[in-house]
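Below is one structure; the comments refer to it alone.
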Amino acid sequence: DAMVIQNPRYQVTQFGKPVTLSCSQTLNHNVMYWYQQKSSQAPKLLFHYYDKDFNNEADTPDNFQSRRPNTSFCFLDIRSPGLGDAAMYLCATSRIGIRTADQDTQYFGPGTRLTVL
Amino acid sequence: DAKTTQPTSMDCAEGRAANLPCNHSTISGNEYVYWYRQIHSQGPQYIIHGLKNNETNEMASLIITEDRKSSTLILPHATLRDTAVYYCIVRYDNDYKLSFGAGTTVTVRA
């Protein structure tokens, strides 16, 4: 089945130690998103890629970076994780066409739960 | 994006219909109403969306009032697996972002 895959499902890192979370998709969607969801809160968009174009949300800290080497893969890099970065990180994809009405729904992966010690 | 207001929580009996209300009184003409749900420890799952007309799919029905200021998501026969947080989101057709609110925690009881 076509899907959004996130690895690992659980990640433990140390305070200040860089960590990378990965996301892959078999949907061939042109847009990939990264959301952060802290405990008991709603998901919050960090950034997204529209094809190769990176779009950062205004309030996303510089500590968070992303790479999209090809259509199928997208990575979230946290350069120096702090205790406040412990959260579930959700990857999502969608297909957006040329016409504004040509917008598909977002499909989410299962998430990676990050623990910072 | 228009803000949405949903009840914090609601209970539903298994096998009965669950009616989830959402207020979006400041919605504009080209904003869609989307519903997602998130089962514990899983990613959000798309349920349904609509602009003006009522919509139905295999998961649920969406009823939008004529003035579009509110809507209701209907789960026709709730099961225990429908226990989740349900998010009502309004979104421009050319807006990439899904702006999640607090949602409604729905608990289906046997």
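Keep in mind it's a predicted model, so treat the numbers as computed, not measured. Just so it is clear: chains get the letters A, B, ... in the order the sequence lines come, proteins before strands, and each one is counted from 1.
Tracing side-chain contacts under 4.5 Å through hydrophobic residues (I, L, V, M, F, W, Y), one reaches Ile27(B) starting from Trp35(B); they form part of the same cluster. Hydrophobic clustering of Ile, Leu, Val, Met, Phe, Trp and Tyr side chains at less than 4.5 Å, counting indirect connections, unites Val31(A) with Tyr36(B). Cluster membership for Phe108(A) and Tyr50(A), using ILVMFWY side-chain heavy atoms within less than 4.5 angstrom, is shared. At a threshold of 4.5 Å between side-chain heavy atoms, the hydrophobic network of Ile, Leu, Val, Met, Phe, Trp and Tyr places Phe47(A) and Phe100(B) in two separate groups. Hydrophobic clustering of Ile, Leu, Val, Met, Phe, Trp and Tyr side chains at less than 4.5 Å, counting indirect connections, unites Leu114(A) with Phe15(A).
Proximity to chain B at a heavy-atom threshold of 4.5 Å picks out Glu57(A), Met88(A) from residues 57-88 of chain A, in numerical order.
Looking at Gln106(A) and Tyr34(B), their side chains never come closer than 4.5 Å, going by heavy atoms from C-beta outward. Under the 4.5 Å side-chain criterion, counting only non-hydrogen atoms from C-beta, Leu98(B) is not in contact with Tyr33(A). Side-chain contact between Pro43(A) and Tyr87(B): present, with at least one pair of heavy atoms (C-beta onward) separated by less than 4.5 Å.
Considering every non-hydrogen atom in both Leu90(A) and Gly43(B), the closest pair reads CD2-CA, 3.7 Å. Minimum heavy-atom separation, Arg113(A) to Ser41(B): NH2-OG, 4.3 Å.
Evaluation of the side chain to side chain donor-acceptor pair (under 3.5 Å) rule for Gln6(B) yields Thr104(B) as partners, not counting sequence neighbours.
Contact annotation for Tyr107(A): neither backbone nor side-chain heavy atoms come within less than 4.5 Å of a heavy atom of chain B.
Of the listed residues (Gly111(A), Ser40(A), Ala92(A), Pro110(A)), the one with the most heavy-atom contacts under 4.5 Å to chain B is Pro110(A).
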